[in-house]
**Student:** 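Structure in structure tokens, see below.
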Amino acid sequence: AILSQAVYDPNPSVRAFAAGALGELGSSGGVAPLTHAIGDEIAMVRSVAAGSLGRLGIKENRPLLQSLTRDPSWQVRAGAVQGAVGVEPELRPRDGGIAGTAATLTEILTAVVRHLHALVREVDLKPQEWMAAIQFLTKVGQTCDAKRQEFILLSDTLGLSMLVLR
């Protein structure tokens, strides 16, 4: 009961901690306070609440989690993806951490290489264009840190997140 009340605390750190703890406890009694926390003004609280809601494993929460994949904050979108993995057992990682049901890591990477080669041939990629792409990806990686995952934002921008979560 104390944790359920703590999602209403004025301090966002307390709200985020409470949301995380509710997910760890795994009780369906956490649904209402977590649903409230998903509407929080602070992205960190919304993100933790989304991940926790998914950890409860209640499939009826999937539409709410899917709606959060369109949140303006990359943190919330990442929490929503994490939550979706909790709700859908078939999305849980297998084969060394790759989430999915149809492909292994080897199959995924083989397809990526095949499609990249086809792209290079299709657009007749020049060395300076290739280097520009490498520099772009390097900059994306350099802007990532413990709180900021730019590859998720890039995935969202490219429309990949929605294709995966459809």
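The analysis underlying the following values was restricted to heavy atoms, covering all of them including side chains, and did not include hydrogens, waters or symmetry mates. Note that the structure is predicted; figures quoted are calculated from it, not measured.
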**Student:** Indicate every side-chain donor-acceptor pair of residues 4-14 with a distance under 3.5 Å to a residue at least two apart or in another chain.
**Tutor:**
| from | atom 1 | to | atom 2 | distance (Å) |
| --- | --- | --- | --- | --- |
| Asp9 | OD1 | Asn11 | N | 2.8 |
| Asn11 | OD1 | Ser13 | N | 2.8 |

**Student:** Starting from Met131, can I reach Leu119 by hopping between I/L/V/M/F/W/Y residues whose side chains sit under 4.5 Å apart?
**Tutor:** yes

**Student:** Which heavy-atom pair separates Leu68 from Ala50 by the least distance, and what is that distance?
**Tutor:** CD1-CB, 3.8 Å

**Student:** To the nearest 0.5 angstrom, please state how far the OG atom of Ser155 sits from the CD atom of Gln149.
**Tutor:** 10.0 Å

**Student:** Kindly state each residue pair satisfying ring pair (Phe, Tyr, Trp, His ring centres under 6.0 Å) with at least one member in residues 123-142, sequence neighbours excluded.
**Tutor:** none

**Student:** Could you list the residues that satisfy salt bridge (Lys or Arg N to Asp or Glu O under 4.0 Å) with Lys126, not counting sequence neighbours?
**Tutor:** Asp124

**Student:** Could you work out, with ring pair (Phe, Tyr, Trp, His ring centres under 6.0 Å) as the rule, every residue matching Phe151, not counting sequence neighbours?
**Tutor:** none

**Student:** Could you work out the complete set of other residues in the hydrophobic cluster of Phe17, with links drawn between I, L, V, M, F, W and Y side chains under 4.5 Å apart?
**Tutor:** none

**Student:** Quick one: list whatever passes side-chain contact (heavy atoms from CB on, under 4.5 Å) with Asp40, sequence neighbours left out.
**Tutor:** Arg15, Ile42, Val45, Arg46

**Student:** Quick one, Leu153 and Arg77 - any side-chain contact, counting heavy atoms below 4.5 Å?
**Tutor:** yes

**Student:** Please identify each residue that fulfils side-chain contact (heavy atoms from CB on, under 4.5 Å) with Leu158, with sequence neighbours left out.
**Tutor:** Leu154, Leu160

**Student:** Atom CG in Leu53, atom CG in Asn61: separation rounded to 0.5 Å?
**Tutor:** 4.0 Å

**Student:** Would a hydrophobic clustering, with Ile, Leu, Val, Met, Phe, Trp and Tyr connected at side-chain separations under 4.5 Å, put Val48 with Val76?
**Tutor:** no

**Student:** Could you list the residues that satisfy side-chain contact (heavy atoms from CB on, under 4.5 Å) with His115, not counting sequence neighbours?
**Tutor:** Ala111

**Student:** Just to verify, what does Ser28 make a side-chain contact (heavy atoms from CB on, under 4.5 Å) with, not counting sequence neighbours?
**Tutor:** Ile58

**Student:** In Å, rounded to the nearest 0.5 Å, how long is the span from CG of Leu116 to CZ of Arg121?
**Tutor:** 10.5 Å

**Student:** Can you check whether Val31's main-chain N or O pairs, donor with acceptor, with Thr35's side chain at less than 3.5 Å?
**Tutor:** yes

**Student:** Same cluster for Leu56 and Leu65 if Ile/Leu/Val/Met/Phe/Trp/Tyr side chains link at under 4.5 Å?
**Tutor:** yes

**Student:** What residues form a side chain to side chain donor-acceptor pair (under 3.5 Å) with Thr69, not counting sequence neighbours?
**Tutor:** none

**Student:** Sequence neighbours excluded and cut-off under 3.5 Å, please list the side-chain donor-acceptor pairs for residues 19-27, or say none.
**Tutor:**
| from | atom 1 | to | atom 2 | distance (Å) |
| --- | --- | --- | --- | --- |
| Glu24 | OE2 | Arg55 | NE | 3.4 |
| Ser27 | OG | Gly29 | N | 3.1 |

**Student:** Glu150: which residues meet the salt bridge (Lys or Arg N to Asp or Glu O under 4.0 Å) condition with it, sequence neighbours left out?
**Tutor:** Arg148

**Student:** For the residue pair Ser67 and Leu64, what are the closest heavy atoms and their distance?
**Tutor:** OG-O, 2.6 Å

